[in-house]
Amino acid sequence: MKVLSAVAWPYTNGPRHIGHVAGFGVPADVFSRYMRMAGHDVLMVSGTDEHGTPILVLAEQEGATVQETVDKYNAVIVQDLTDLGLSYDLFTRTTTRNHYRVVQDLFTQIRANGYMIEQTTTTAISPSTGRTLPDRFLEGTCPICGYPEARGDQCDNCGNQLDPADLINPHSKINGEVPEFIETQHFFLDLPALAGALQQWLDEVDTAGTWRPGVINFAKGIANDMHPRAMTRDIDWGIPIPVDGWETKRFYVWFDAVIGYLSAAIEWARRLGEPDRWRDWWNDPTALSYYFQGKDNVTFHAQIWPAELLGYRGLGDKGGEPGAFGELNLPTEVVASGFLNLAGAQFSTSRGNVIYVKDMIATYGADALRYFICAAGPETQDSDFTWEEFVTRNNNELVAGWGNLVNRTASMIAKNFGQIPEPAALEPVDEELLAAVRAGFGAVGALLETQRQKAALAEAMRLVRLANKYVTDTEPFRLKGDDQRERLGTVLHTLAQAVGDLNTMLAPFLPHSSNQVAQTFGATTQFMPMPQIEQVRDLDDDSRAYPIITGEYSGTPRWESRPVTVGVPVAKPTPIFAKLDAIDPADPFGHDA
RNA sequence: GGGGCGGUAGCUCAGCCGGUUAGAGCAGCGGACUCAUAAUCCGUCGGUCCUGGGUUCAAGCCCCAGCCGCCCUACCA
């Protein structure tokens with residue numbers, strides 16, 4: 001089965017904090033790794049999202065050019081995601097020539113099919129910068145109730161919808177200046193003409209019942225009330241509109257960002273030297289596609305992106321036909337998570353209420369963070385990160401449960417045999433443990449396939465406890481006499497087998513440590529493949545170079561029990577997972593120490 | 001204002017199409033054990049399922065109203 005793993009595109013406005021990766025990166029990676037193990041042909045793509053006004057503002061603040069700014073944060077983000085072990089087939093960026101071309105081609109066909117309509121609107125611009133001021137950056141006195149802090153689009157006091165041009169004393173929330181209102185022309189995506197097709201698709205999805213309730217209900221809600229939505233902006237940073245007379249405008253950042261899933265797949269195929277390979281994931285109607293993101297992105301993945309695809313294919317009220325990309329698949333599932341909050345409040349870079357992925361990995365390791373996210377992350381609703389919870393989960397579950405099982409098993413084998421011992425006849429207690437662990441492949445796998453990662457991890461950890469209990473029940477540490485050596489070998493062999501299987505099961509969650517565990521039990525090659533950074537040239541502009549994340553994942557182990565090999569040497573282990581002391585939230589990375 | 005989601009043990013969360021005494025992990029308490037990073041194993045304590053109405057033989061689950069938190073509503077996961 002072909003499986004497209006479409007991961008949200010991080011915005012190049014700074015390093016990633018742990019809330020970002022909890023929402024899209026880690027869940028997408030766990031799923032992708034599992035699906036590869038289950039034998040599917042996974043294509044995992046993403047990249048940095050680099051257009052839009054906030055980037056311009058940021059570049060100004062940093063006193064750098066826009067290109068320097070996005071290059072800088074692209075590099076930082078690429079490093080963060082690679083260090084976390086996110087196994088992208090291609091992590092690229094939206095500033096490639098390939099992406100520009102795909103976006104323009106998609107636009108041209110959507111327009112040819114009649115779903116891009118020109119409309120004139122009144123918009124506020126900042127006289128000092130010449131930039132458009134989005135309604136929400138406008139503030140003024142409400143013409144209806146007199147509330148002095150009404151927003152451009154709505155008054156929070158009386159609740160009335162407002163037209164920004166009607167505000168009394170309008171001013172910019174950014175710098176306080178008085179905006180100028182101008183008439184401007186834009187291309188609007190004709191959502192009403194696509195509403196029927198969109199509704200039909202959502203109804204099918206709803207009937208299938210596979211999406212998370214919050215996501216499908218939200219999608220159906222917004223689909224009930226659709227207006228044309230502007231897909232162009234008065235801005236000079238972004239993808240040019242391929243229409244005469246539109247040279248001063250650019251595409252709306254979200255119009256192009258979601259197309260990245262397609263353009264990245266195309267770039268991947270081109271780099272492979274098989275330029276049509278991407279079609280296996282996009283044109284084959286049996287191929288599956290999963291889109292991972294935070295809840296604030298649902299509107300773009302369950303409405304705008306499907307609408308763009310439907311418009312491209314000509315499936316709306318105005319008819320039409322697909323262009324050269326063919327009949328592009330709609331999402332199989334939009335997998336949206338909640339937000340990870342920091343001690344009850346939202347992450348905020350400006351207020352310093354933030355924990356960066358980089359610091360977290362450097363101090364505590366990638367898998368400790370991955371474990372927390374998988375065990376306590378915002379899978380279907382917001383969740384809290386606290387340092388206390390992080391330490392507790394790490395020490396009591398990861399270290400004391402799994403780490404200890406690995407360590408005690410390897411220690412006993414090393415001390416008594418120095419290699420994986422041969423088993424004699426298995427007793428019922430041995431058979432029971434092995435059967436229970438083997439059954440985990442079915443149970444954990446089914447949960448991972450349906451995006452229930454917390455439950456999947458909990459099930460795997462339940463089996464870890466079962467293995468720890470097996471040690472208590474069989475007491476290998478008391479089998480000391482020569483006459484008990486055969487039984488000791490059998491128990492330790494059984495335990496090694498259980499640990500090996502559990503390591504396979506935990507590998508999607510904890511890929512880095514799965515390699516160390518495999519190594520502890522004698523593996524000489526890498527167990528779980530890891531992503532790497534490569535410097536490449538832009539395929540269509542030799543003067544441009546950038547880093548991508550890619551990897552060779554064909555060696556991914558299968559999702560199945562692998563018999564341990566008798567005689568493989570096992571040395572006295574060093575602990576793989578580190579136990580943590582209490583962390584001072586005021587100085588979590590020990591900088592002040 | 002509109003649309004959507006959530007509010008279940010001290011903490012983090014499960015509870016599918018309503019069906020017997022509401023579950024798990026962690027923390028707490030008691031005990032066992034010592035191979036292991038004082039880890040593990042067993043037992044145990046612990047809940048007005050946000051509030052108030054309603055439907056039903058039966059409601060954490062459905063309906064209505066309210067309170068609280070969050071997301072979207074033309075550019076931060």
Side-chain angles (χ1 to χ4, degrees), chain A residues 7-11 13-14 16-17 19-25 49 51-55 121 123 132 134-136 153-156 158-161 186 188 209 212-215 217-222 224-225 227 229-231 233 235 252-255 257 292-300 336-341 344 346-349 375-376 378-384 386 388-389 392-393 395-397 399-401 403-413 415-416 452 454-455 458 461-462 465 468-473 475-478 492 573-579:
Chain A
V7 194
W9 290 53
Y11 200 55
N13 60 349
R16 291 306 88 181
H17 59 63
H20 290 120
V21 297
F24 65 90
D49 175 13
H51 297 128
T53 311
I55 297 288
T121 56
T123 186
T132 305
D135 293 349
R136 61 197 189 85
D153 51 350
Q154 140 191 352
C155 174
D156 282 333
C158 67
N160 283 293
Q161 301 270 347
H186 283 300
F188 282 68
R212 289 175 182 161
V215 180
N217 289 336
F218 178 82
K220 294 191 80 165
I222 52 180
N224 276 332
D225 182 32
H227 308 283
R229 197 159 157 160
M231 291 292 138
R233 291 288 185 277
I235 185 176
Y252 167 46
V253 63
W254 269 110
F255 177 77
F292 294 88
Q293 71 225 237
K295 60 182 175 179
D296 59 337
N297 259 330
V298 173
T299 179
F300 302 104
S337 68
F339 287 170
L340 184 67
N341 294 321
Q346 274 193 31
F347 276 82
S348 165
T349 314
E379 186 168 281
T380 56
Q381 55 184 299
D382 293 359
S383 70
D384 271 342
T386 62
E388 197 184 347
E389 172 88 358
T392 300
R393 292 262 183 190
N395 289 356
N396 297 329
E397 299 176 27
V399 177
N404 182 48
L405 176 66
V406 169
N407 211 44
R408 69 200 304 208
T409 301
S411 289
M412 284 189 280
I413 291 175
K415 193 192 301 182
N416 292 293
R452 300 195 51 197
K454 288 171 103 162
M461 292 303 281
R462 185 183 71 82
R465 278 196 297 282
N468 271 320
K469 177 173 160 50
Y470 171 82
V471 178
T472 301
D473 292 344
E475 302 184 311
F477 41 84
R478 296 177 79 170
L492 294 183
T574 50
I576 292 170
F577 302 96
K579 194 165 182 218

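The sequence lines fix the lettering, A, B, ..., with proteins before strands; numbering per chain opens at 1. Given the structure is predicted, the values throughout are model-derived calculations rather than measurements.
Put simply, CG on D473(A) is 10 Å from P on C41(B), counting in whole angstrom units. Here the C1' atom of nucleotide C76(B) and the CZ atom of R16(A) are 8 Å apart, to the nearest Å. In this structure, M231(A) atom CE and A74(B) atom P are separated by 12 Å, rounded to whole Å. Note: CD (Q293(A)) to C1' (C76(B)) measures 14 Å, nearest angstrom. Taking atom CZ of R452(A) as the reference point, atom P of A14(B) lies 9 Å away to the nearest angstrom. Across the protein-nucleic acid pair, H186(A) atom NE2 and A74(B) atom P stand 14 Å apart, rounded to whole Å. Per the geometry, CZ belonging to R478(A) stands 13 Å off C1' belonging to C41(B), to the nearest Å. Nucleotide A39(B) holds its P atom 4 Å from the NZ atom of K579(A), rounded to whole Å.
At the heavy-atom level, G52(A) lies under 4.0 Å from base atoms of the strands shown. In this structure, P476(A) reaches neither bases nor backbone, as no heavy-atom distance under 4.0 Å exists between it and the strands shown. Within 4.0 Å (heavy atoms only), P10(A) reaches no atom of the nucleic acid at all. Looking at heavy-atom distances under 4.0 Å, Y252(A) makes contact with a base. Within 4.0 Å of N297(A), counting heavy atoms only, lie sugar-phosphate atoms of the nucleic acid but no base atom.
Taking the salt bridge (Lys or Arg N to Asp or Glu O under 4.0 Å) definition, one finds that R393(A) meets it with E389(A), E397(A), sequence neighbours left out.
Nearest-nucleotide positions on RNA chain B for K469(A) and W9(A) put K469(A) closer to the 5' end. Where E397(A) and Y470(A) meet RNA chain B, the nucleotide closest to each residue was compared, and E397(A) sits on the side nearer the 5' end.
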Heteroatom pairs (N/O) under 3.5 angstrom, protein to nucleotides 10-13 of chain B:
unit_1	atom_1	unit_2	atom_2	d
U12(B)	O2'	R393(A)	NH2	3.1

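With U34(B), C75(B), G3(B) as the candidates, the nucleotide lying closest to the side chain of T53(A) is C75(B). Here the nucleotide nearest the side chain of P575(A), chosen from A36(B), C26(B), U37(B), is U37(B).
When Watson-Crick and G-U wobble pairs are counted only if both distances are under 3.5 Å, G1(B) pairs with U73(B).
A donor-acceptor contact under 3.5 Å links the side chain of N404(A) to the base of A36(B).
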